[in-house]
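Data block below; observations after.
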Amino acid sequence: MKKKIVGAVAMLFASSAFAASVQDVADRYMNLVLAVGVHDSSYVDAYYGPPELQKQATDNKKTLATIRDEVDGALKDLATQKAANPDDALRIEFLNKQLSSMLTRIDMLNGKKFSFDDETARLYDAVSPHHDRAHYMKLVAEIDKLLPGKGTVPERLAAFRAKMVIPKDKLKPVFDASIKECRARSAKYIDLPANENFVLEFVSNKPWSGYNWYKGNAQSLIQINTEFPIYIDRAVDLGCHEGYPGHHAYNALLEKSLVKDKGWNEFSVYPLYSPMSLIAEGSANYGIEMAFSEAERLAFERDVLFPMAGLDPKLAKKYADLRKLLGKLSYADNDAAMNYLDGKWTKEQTIDWLVNVQLYPPEKANQRVSFYDGLRGYVINYNLGKDLVAKYVERHVTSMDPAKAKAQKWAAFKQLLSSPRLASGIR
């Protein structure tokens, strides 16, 4: 691997002055991400480049001030470059956005405070829309009608959801079946490396419900948090989001298309708090809808997953309708995080909003606030990212024929997963 990287760099330096300069910035960027990771243990989400570079970053720890100066220098060198072709333009734009985001993360590590929207604009290249309580309560009223009976809406929802919990002894077969289906549906339209694979683990005590740890060479570790009840719809959600055509597919395609085919080794490192995450999380969430139409998902859950989990298939349609309505409340998550992190709401007020406005499971509300504490504005990447990716993909549909339109959507989706496009580049 090391010889291939050295050879690729030598070829790029020999080809033109432009390529040498951009490649130099790209190499510096990769080292700078690793250097920040020494100060921030959660910053480097994935790295599969030469291990000696990571060791060097640890052994020769740079101060944040030194790293910041070097990021500034890299940005200045990058500003002198002109793209020779569309691929070069995308690469330069990617490096510019990623390095600029790194400056903000360094400032945050140094104690600088940003408002929620300013922080997400700087880190993720995007700002979430916001809504007041009245906006969401109109949606809650629709859920109220779907779940008639005594008690508050959150109470009735909790009672109905209790019927949707996957028994712990059924988790593995249900998730295995779900991931297998997600993979099969994605494989019809996306060619992944022949050796691609993942390991599935069930864990606890995490601030998230699922996570993909990409290891390189088309291999992933997918972890599912079992600390709280897992509802039956999460099997498809997480199977697609963490696996196919979500994080596992995205990382495998980036590695093949950019690292191996183009020699853009900067993509062998993934900084979590960066514009890459909006595309990663957004495509993973939209990937659920790419893999399953509403009718296909209902049929799969009702006919396969519900019986496998020992749940009543007659409730599948009502639960699908409920999931659709709850999805419309997703931006309430961003508003909760904004008001909490900007100091406008206490933890108690935030939990009240989560339970009574977003209709978040009460037992998981504390966990969600812990997520805000740890990952802050990262929450926008899931829903805003999904909406931006959806609009990008759907703009590429020109055919009125359903089969051709579906193929066009998948082609655009695959192109996005194989490219360095960020939020500014897909709006």
Side-chain angles (χ1 to χ4, degrees), residues 140 143 146-147 149-179 181-182 200-212 222-243 246 284-285 288 297-298 300-302 304-330 332-333 336 347 350-372 374-375 379 382-383:
V140 172
I143 295 171
L146 184 63
L147 298 172
K150 296 180 180 179
T152 65
V153 176
E155 289 169 346
R156 278 177 272 144
L157 176 58
F160 185 73
R161 272 179 166 155
K163 301 174 184 178
M164 301 294 120
V165 175
I166 306 172
K168 288 206 171 184
D169 64 332
K170 305 290 187 183
L171 282 173
K172 189 176 189 315
V174 167
F175 270 87
D176 284 346
S178 182
I179 294 173
E181 185 70 11
C182 295
L200 179 65
E201 286 184 355
F202 294 97
V203 298
S204 60
N205 266 340
K206 304 294 182 183
W208 35 258
S209 56
Y211 213 102
N212 178 295
I222 296 176
Q223 293 183 325
I224 306 298
N225 187 4
T226 62
E227 183 178 358
F228 297 104
I230 299 179
Y231 305 113
I232 190 68
D233 58 312
R234 297 298 286 158
V236 166
D237 284 349
L238 293 172
C240 289
H241 182 100
E242 307 298 346
N285 267 358
I288 302 166
R297 178 168 179 174
L298 172 60
F300 176 64
E301 291 181 335
R302 180 193 62 222
V304 178
L305 298 187
F306 270 68
M308 188 176 288
L311 306 181
D312 184 357
K314 294 177 182 177
L315 297 175
K317 175 63 168 66
K318 186 173 183 179
Y319 194 45
D321 293 341
L322 176 62
R323 181 181 63 242
K324 190 174 180 180
L325 287 175
L326 289 171
K328 295 179 181 180
L329 288 167
S330 71
D333 194 30
K347 181 178 180 179
T350 306
I351 289 175
D352 175 75
W353 173 279
L354 286 171
V355 172
N356 294 301
V357 178
Q358 193 183 346
L359 302 184
Y360 207 76
E363 70 275 8
K364 296 182 70 175
N366 267 302
Q367 181 197 52
R368 196 59 183 166
V369 176
S370 296
F371 186 96
Y372 301 156
L375 281 84
V379 295
Y382 299 99
N383 43 34

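Bear in mind that the values here come from a model prediction, so they are computed numbers and not experimental data.
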Heavy-atom nearest pair, Ala336 first then Tyr372, reads CB-OH, 3.6 Å
Which atom names give the shortest non-hydrogen contact between Pro167 and Ala309, and what distance separates them?
-> CD-O, 3.3 Å
Point-to-point distance, once rounded to the nearest 0.5 Å, from CZ of Arg161 to CG of Leu326 | 5.5 Å
Pi-cation contact, Phe306 with Arg302 (under 6.0 Å, within 45°) = no
Might you point out which heavy atoms bring Cys240 and Ile288 nearest each other, and give the distance in Å?
-> CB-CG1, 3.7 Å
Interatomic distance, Tyr382 atom OH to Asp333 atom CG [nearest 0.5 angstrom] | 9.5 Å
Please report the shortest heavy-atom distance between Phe371 and Pro207, naming the atom on each side.
-> CD1-O, 3.5 Å
Can you tell me how far the CG atom of Leu359 sits from the CZ atom of Arg156, to the nearest 0.5 Å?
-> 10.5 Å
Do the charged groups of Glu301 and Arg323 touch, with an N to O distance under 4.0 Å?
-> yes
Do Gln367 and Asn225 touch side chain to side chain, with heavy atoms closer than 4.5 Å?
-> yes
Would you please name every residue forming a side chain to side chain contact (heavy atoms under 4.5 Å, CB included) with Glu201, sequence neighbours left out?
-> Val199, Val203, Leu221, Gln223
Mind checking whether Ile230 and Ile224 have side chains closer than 4.5 Å, heavy atoms only?
-> yes
If you round to the nearest 0.5 Å, how far is OG of Ser178 from CZ of Phe300?
-> 5.0 Å
Going by heavy atoms in the side chains, are Ile166 and Leu305 under 4.5 Å from each other?
-> no
Could you tell me which non-hydrogen atom of Val369 sits nearest to which non-hydrogen atom of Ile351, and how far apart they are?
-> CG2-CG1, 3.9 Å
salt_bridge(Asp237, Arg297) N-O dist < 4.0 Å = yes
Check Tyr211 against Glu242 and note the closest heavy-atom contact, atom names and distance.
-> C-OE1, 3.4 Å
Would you say the side chain of Leu298 lies within less than 4.5 Å of the side chain of Lys317, judging by non-hydrogen atoms?
-> yes
Check: Glu227 side chain, Ser209 main-chain N or O, donor-acceptor pair, under 3.5 Å = no
Who passes side chain to side chain contact (heavy atoms under 4.5 Å, CB included) against Ala159, sequence neighbours left out?
-> none
Neighbour count >12 (heavy atoms, 6.0 Å) for atom NZ, Lys318 | yes
Angle class for the Tyr319/Phe160 ring planes (parallel below 30°, perpendicular above 60°, tilted otherwise)?
-> tilted
Looking at CZ of Arg368 and CH2 of Trp353, how far apart are the two atoms once the value is rounded to the nearest 0.5 Å?
-> 14.5 Å
Quick one: pull up CD1 in Ile232 and CE in Met308 and give me the separation to the nearest 0.5 Å.
-> 9.0 Å
Starting from the C-alpha separation in whole Å, work towards a yes-or-no answer on side chain to side chain contact (heavy atoms under 4.5 Å, CB included) for Leu315 and Met164.
-> CA-CA 9 Å; Leu315 297 175; Met164 301 294 120; 3.5 Å; yes
